[in-house]
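Worksheet: the structure to be examined is printed underneath.
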Amino acid sequence: MTAAAVGRRGRRFGRDEFRDVLVRHRTVSILVGMSLVGFLLYFLPYVPPFSLFNFHQAWLNSFASAGVFVLLALGLNVVVGLAGLLDLGYAAFFAFGAYTYAYGASPFSGNHAPFLLMLFLGAVVAALFGLLLGAPTLRLRGDYLAIMTLGFGEIVPIVFLNTDEYTRGTNGIGGIYRPDLPILGPFGALDNFKYFVVMVFIITITMILLYRLQDSRIGRAWMAIREDELAAAANGINTVTTKLLAFAIGATTAGFAGVFNASKLTIVSPDQFLFAVSFTVLAMVVLGGMGNIWGVAVGAFVIALIQSTFLTQLNQFVSTFRGIPVLDILSRVNFIQYQFLLYGIALVLMMLFRPEGLFPSQRRRMELRVAEELDPEAEAKALEAAAASETVAGGGEPTDPVVVGAMGPPPGSDEDTARPYGDDRS
Amino acid sequence: MTATAPVATAPATRGPMLMLDDVHTYYGHIHALQGVSIEVEQGEVVTLIGANGAGKTTTLKTISGLLHPREGRVLFEGSDISRTAAHHLVRTGIGHAPEGRRIFSRLSVEENLQMGAFTRNQKEIGPELERVMTLFPRLRERVNQQGGTLSGGEQQMLAIARALMSRPRLLLLDEPSLGLSPILVQQIFSIIREINEQGTTILLVEQNAQQALNVAHRAYVLQTGHVVLAGSAADVASNESVRKAYLGED
């Protein structure tokens, strides 16, 4: 059964068929799609609105940096969007990836391991810490898990900060070697194009792997756990290992991001991995559309660009208002400082008007449009049958689909079922 | 509906299919099961009846591995499963339709059923779906509908059907009649009988003692974590205190 085949009707046949092809040949679609995206992004900075803002090189640089957030969001999406585990300390795994690279390739450690090896090692180290953190904490649920991960996310940068001998504390580890790859050759500070290409490549591979996982047995197990953990266990899903796997895979992706980021910035320091990063990535996942891999990637990319490029440009733009009455106030605003205020406002507005995110997953779309998806004829028949057999029913009645769409969770979901199993210690 | 209660068909050679031997289960400090011993023979329908808080649900959760006993043993087909994890027991042949249905409300009926067959070879799912939908024709009509939009009775059917998808030899049903109209209760119980006649052993927890005793071969009455009465369904149904306490007769 493919998601696209569920409850569809003829009127959108063309589009659905297209989607069906995309789903069936996912790996090829991603390869083609990402190559297209790569080409478009390469030429986009030459096109007017973009060419006015910045130089081509500066754009490529922003794209590559935004790619780091895309990777982070893709990884966090596995934990939060697919498995439904709220992780507020995700930046910690980013840090492990980055510091691993710093140890592997910097004058500070005296090592100079090849980039690709370190990319792999950084991911492994991050994954190991994912398991290490996951093992004791994943027995907890919901709020408790969120608080534990929050704690872990705080501890990790502080440890890096205070173990001066090994990490050079606040100063961080600098002078990290840039990559030297086959074909692309050694990277220099101005080789934004090379970083851009490597980033597109890493994201493509990550997306292919994540889509495969999502469509696999493990993906289904994540979905079950996200919906109802006890029911998942009662259906034969090993909830502990499944959740651990989600954590480890999320951490692996963050490890990639960390290694790449360290190799690009050539410095790692604890302040790169504060709560703000975890929060930003979480906001990206929510805004992009939790659970939808490509939606989350697009969301992260756009937000990261707004953050890195658009706000700076906005600052420059409003500074031209200086001296003009009324508008003068605007010219004194530093929009970069208001970044988190803007996130906050965006999140509040999203939750009010489009809670499923900008690019919702098929499932969430379905959930919010039950009314539209149901075959009206079958629905009428069902209502009739239900009315006949259930005039005295106490346990919920055939739901008016419109109400479901408007009121959020359908009856019988966790929110309105008494939870006799709330005991997290059990 | 068949009016006569079926006769127990217990092969005495292998010992009971399920045996709880002096089981004590706790929730933290709360001593929920205080030495429960019950037996279920292969092919039987056994019911646990009792008031709220008597330990019926706890007993089922202890059997299916969602809880583990602090003392005592749970034997399934001769092997000790007291410490076995829930997900493993599904493979071993114990299906559990938990209290409160707990269907995946945002997944479709079909996806719910597929989830029930998580432990099985994906190729076997097709025939299994067919078998289950023959048992519950209503689910076939609603196969693409979201679980949460089903009516209460349909959700209960889905919960039972989902538990059957793993092809359990022992099916644990927790309050299948809860919150359903009298007609639907009748329907659910006749399906339970049918499932049993197809060869699945059933341990049924019910507050609706009348119906449960009607469908079961044997019954245990639980009270504050103890078994206070055990016997054939007919004997239990005719017991004076049971009639007063659970069947609403003076």
Side-chain angles (χ1 to χ4, degrees), chain A residues 1 5-7 217 220-221 223-224 226-228 230-242 363-364 366-367 370 373-375 378-379 381-383 385-386 388-401 404 409-415 417-421 423 425-426, chain B residues 27-28 57 61 64-67 85-91 95-108 110-112 114-120 122 138 141-142 144-156 159 162-163 165-166 172 178-184 187:
Chain A
M1 187 226 50
V6 177
R217 235 171 101 78
R220 289 202 299 132
M223 188 158 75
R226 186 185 64 207
E227 293 293 316
D228 187 330
L230 183 130
N235 280 300
I237 292 164
N238 185 344
T239 54
V240 175
T241 52
T242 309
R363 181 157 308 286
R364 281 184 183 252
M366 253 171 64
E367 175 191 323
V370 180
E373 299 285 337
L374 285 177
D375 187 336
E379 177 62 13
K381 238 195 307 175
L383 280 172
S389 68
E390 266 200 87
T391 38
V392 221
E397 41 286 312
T399 322
D400 180 357
V404 173
S413 71
D414 283 346
E415 278 79 359
T417 313
R419 265 203 171 223
Y421 308 107
D423 187 9
R425 291 162 302 178
S426 62
Chain B
Y27 290 103
T57 296
K61 287 170 90 176
S64 72
L66 294 171
L67 293 173
H87 64 91
H88 197 78
L89 289 176
V90 178
R91 289 171 204 274
H96 187 183
E99 186 186 35
R101 297 159 198 159
R102 306 199 77 123
I103 55 164
F104 300 110
S105 54
R106 293 194 275 195
L107 307 192
S108 72
E110 189 179 8
E111 286 171 315
N112 264 280
Q114 284 171 340
M115 220 50 108
F118 188 82
T119 54
R120 302 193 52 195
Q122 299 304 297
R138 278 290 275 283
E141 292 166 28
R142 306 238 159 179
N144 287 327
Q145 200 173 320
Q146 252 186 59
T149 66
L150 298 178
S151 72
E154 289 164 345
Q155 289 192 9
Q156 187 59 60
R162 188 180 62 183
M165 287 297 290
S166 66
L172 311 175
L178 191 73
L180 302 185
S181 68
I183 301 164
L184 269 174
Q187 252 184 44

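Computed from a predicted model, the values in this text were never measured in an experiment. Any value given below was found using the heavy atoms of this structure, including those in side chains, with hydrogens, waters and symmetry copies removed. Sequence lines set the chain letters: A, B, ... in the order given, protein chains first and strands last, and positions in each chain run from 1.
- Smallest separation of non-hydrogen atoms from L230(A) and P98(B): CD2-CB, 4.0 Å.
- Contacts of S64(B) classified as side chain to side chain donor-acceptor pair (under 3.5 Å), with partners at least two apart in sequence or in another chain: H96(B).
- Residues A224(A) and M115(B) share a closest heavy-atom pair of CB-CE, 3.7 Å.
- A distance of 8.5 Å separates CG in N235(A) from CG in N112(B), rounded to the nearest 0.5 Å.
- Interatomic distance, CZ of F118(B) versus OG1 of T242(A), reported as 6.0 Å (0.5 Å rounding).
- Contacts with chain A were tallied for G116(B), A85(B), G65(B); G116(B) has the most, counting heavy-atom pairs under 4.5 Å.
- Note: L107(B) CG to R226(A) CZ = 7.5 Å, rounded to the nearest 0.5 Å.
- Heavy atoms only, all atoms of each residue included: E227(A) and S105(B) are closest at OE1-N, 4.1 Å.
- Atom-to-atom distance recorded for R101(B):CZ and D228(A):CG is 13.5 Å, nearest 0.5 angstrom.
- Contact annotation for Q122(B): only side-chain heavy atoms (C-beta onward) come within less than 4.5 Å of a heavy atom of chain A.
- Considering CD of E111(B) and CE of M223(A), their distance stands at 5.0 Å, rounded to 0.5 Å.
- Remark: A163(B) engages A97(B), L171(B) in a side chain to side chain contact (heavy atoms under 4.5 Å, CB included) (not counting sequence neighbours).
- Taking all atoms of both residues into account, the shortest heavy-atom contact from A233(A) to L66(B) is CB-CD2, 4.0 Å.
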